[in-house]
2 protein chains.
Amino acid sequence: MAEALEAAERLCARRGARLTEIRRRVLELVWRSHQPVGAYTILERLGRERGRVAPPTVYRALDFLIAHGLVHRIASLNAYIGCAHPDRDHIGQFLVCSGCGSAAELDDRRIDRAIRSGAEAAGFAVERPVIELAGRCPNCRERGRDART
Amino acid sequence: MAEALEAAERLCARRGARLTEIRRRVLELVWRSHQPVGAYTILERLGRERGRVAPPTVYRALDFLIAHGLVHRIASLNAYIGCAHPDRDHIGQFLVCSGCGSAAELDDRRIDRAIRSGAEAAGFAVERPVIELAGRCPNCRERGRDART
DNA sequence: CCATGCAATGTTATAGTGTAACATCCGCGA
DNA sequence: TCGCGGATGTTACACTATAACATTGCATGG
Ligand SMILES: [Zn+2]
Ligand SMILES: [Zn+2]
Ligand SMILES: [Zn+2]
Ligand SMILES: [Zn+2]
């Protein structure tokens with residue numbers, strides 16, 4: 001996580017983007033959670049440090065982080081997660097565990113190729129794929145733990 | 001669309017599920033829209049016919065329709081769309097056009113295989129994939145029309 | 001130094017999406 | 001008839017996100 005922060009610093013410096021205090025703090029909070037985290041959870045945690053914080057503050061920071069690929073949004077959860085490889089220009093593919101709530105990022109070229117060629121066969125040009133695979137992570141799978149869903 | 005309604009009737013009859021007046025009406029409204037449609041849009045349209053209708057009425061109908069595969073939810077749009085092949089046991093893969101707002105369902109085995117094998121390689125068992133590909137449909141692509149995004 | 005312009009943030013209010021909880025109705029079988 | 005379970009009605013609320021406008025703060029050229 002510390003390295004994620006450093007990577008973010010470097011990346012922003014290189015691009016001339018300003019990783020301000022708030023943006024940096026939001027990024028930290030996203031990383032600190034080991035699961036995808038909701039905007040209002042961030043809001044609340046940020047509020048503990050800085051007194052009252054309003055939703056736009058958090059959403060603007062998230063917008064910035066997402067625009068720079070430092071954070072991904074997981075639409076099926078309305079939640080946000082840090083990206084471990086913001087340098088690579090990539091789309092996210094997510095493995096979302098319904099047992100423990102964790103999410104891992106996958107970056108499988110074959111999946112990317114399959115969706116692009118499948119879509120192309122239908123005459124469709126993919127721009128922003130949303131790939132979010134709900135299921136069971138290795139841990140939860142092994143332990144046959146009760147689902148949270 | 002009429003045939004979608006009939007298919008729904010048959011499917012529910014076969015399963016002993018009750019396609020009640022409201023559920024049927026919601027299904028019609030979903031199909032009548034040629035784009036993915038939001039729950040509150042359905043709510044409003046349903047309200048025109050039946051006087052005041054509250055959100056749970058619509059959400060319950062949608063839950064039923066989704067459970068029986070008659071309707072899919074598109075998470076990245078918070079919207080719902082009718083399924084043309086409710087018989088086939090399938091997951092949905094969607095091509096969502098950011099130009100005209102339309103959405104087409106794709107059912108590409110190769111995509112399904114690619115995601116399952118990719119996830120499996122990470123020890124992850126996929127249960128409910130969410131595949132929503134935002135991009136340009138053939139029409140909008142050709143006409144270089146202005147994006148809505 | 002000051003003007004001034006632009007990006008970032010603060011602030012208030014509101015829009016949009018979805019559910020909990022409990023009441024009521026209605027058809028069907030014991 | 002009585003009771004039961006599924007469907008619907010009703011109210012209230014939780015959660016997610018954005019619009020609109022005010023303010024701050026910093027860089028940059030005059
Ligand atoms: Zn990533
Ligand atoms: Zn798990
Ligand atoms: Zn379908
Ligand atoms: Zn289009």
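Every chain is numbered from 1 and lettered A, B, ... according to where its sequence line falls, protein lines coming before strand lines.
Close to C:dT9, at under 4.0 Å from its OP1 or OP2, lies no side-chain N or O of A:Thr57. At least one side-chain nitrogen or oxygen of B:Arg23 sits closer than 4.0 Å to the OP1 or OP2 atom of D:dA7. For B:Asn78 and C:dG18, the shortest distance from a side-chain N or O to OP1 or OP2 is below 4.0 Å.
When each of C:dT12, D:dG9, D:dA17 is scored by its nearest atom to the side-chain atoms of B:Arg50, the top-ranked nucleotide is D:dG9. You'll find that the side chain of A:Arg18 is closest to C:dA7, out of C:dA7, D:dT11, D:dT8.
Between B:Arg73 atom CZ and C:dG16 atom P there is a gap of 17 Å when expressed in whole angstrom units. Atom pair A:His68:NE2 and C:dA8:C1' shows a separation of 13 Å (rounding to whole Å applied). Distance CG (B:Leu77) to P (D:dT16): 18 Å, rounded to an integer number of Å. The nearest whole Å value for the distance from the CZ atom in A:Phe64 to the C1' atom in C:dT9 is 14 Å. Taking atom CG of A:Leu43 as the reference point, atom C1' of D:dT16 lies 11 Å away to the nearest angstrom. Rounded to a whole Å, the CD atom of B:Glu21 is 11 Å from the P atom of D:dG9. For the pair B:Arg24 CZ and D:dA7 C1', the interatomic distance rounds to 18 Å; values are reported in whole Å. Between B:Glu44 atom CD and C:dT17 atom C1' the separation is 15 Å, expressed in whole Å.
Using a 3.5 Å distance cut-off with no hydrogens or angles, the side chains of A:Gln35 and A:Ser102 do not pair a donor with an acceptor. In this model, a donor atom of one side chain and an acceptor atom of the other lie less than 3.5 Å apart for B:Glu105 and B:His90.
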Working for salt bridge (Lys or Arg N to Asp or Glu O under 4.0 Å), residues A:Arg141 and B:Glu127:
CA-CA 12 Å; A:Arg141 211 171 166 184; B:Glu127 290 166 355; over 6 Å; no

Could you walk me through whether B:Leu65 and B:Leu19 pass side chain to side chain contact (heavy atoms under 4.5 Å, CB included), step by step?
CA-CA 9 Å; B:Leu65 296 170; B:Leu19 187 59; 4.3 Å; yes

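Taking for each of A:Val53 and B:Thr41 the nucleotide of DNA chain C with the nearest heavy atom, the 5'-most of the two is the partner of A:Val53. Taking for each of A:Gly38 and B:Ala54 the nucleotide of DNA chain D with the nearest heavy atom, the 5'-most of the two is the partner of B:Ala54.
The pair B:Glu28-B:Arg24 meets the salt-bridge criterion, since a charged nitrogen lies less than 4.0 angstrom from a carboxylate oxygen.
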Below 3.5 Å between N/O atoms, which protein atoms pair up with nucleotides 19-22 of chain C? Just atom names and distances, please.
none

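Under a hydrophobic clustering in which Ile, Leu, Val, Met, Phe, Trp and Tyr are joined whenever their side-chain heavy atoms come within less than 4.5 Å, directly or via other members, B:Leu95 and B:Ile91 fall into different clusters.
Aromatic ring centres of A:Tyr80 and A:His72: separated by at least 6.0 Å.
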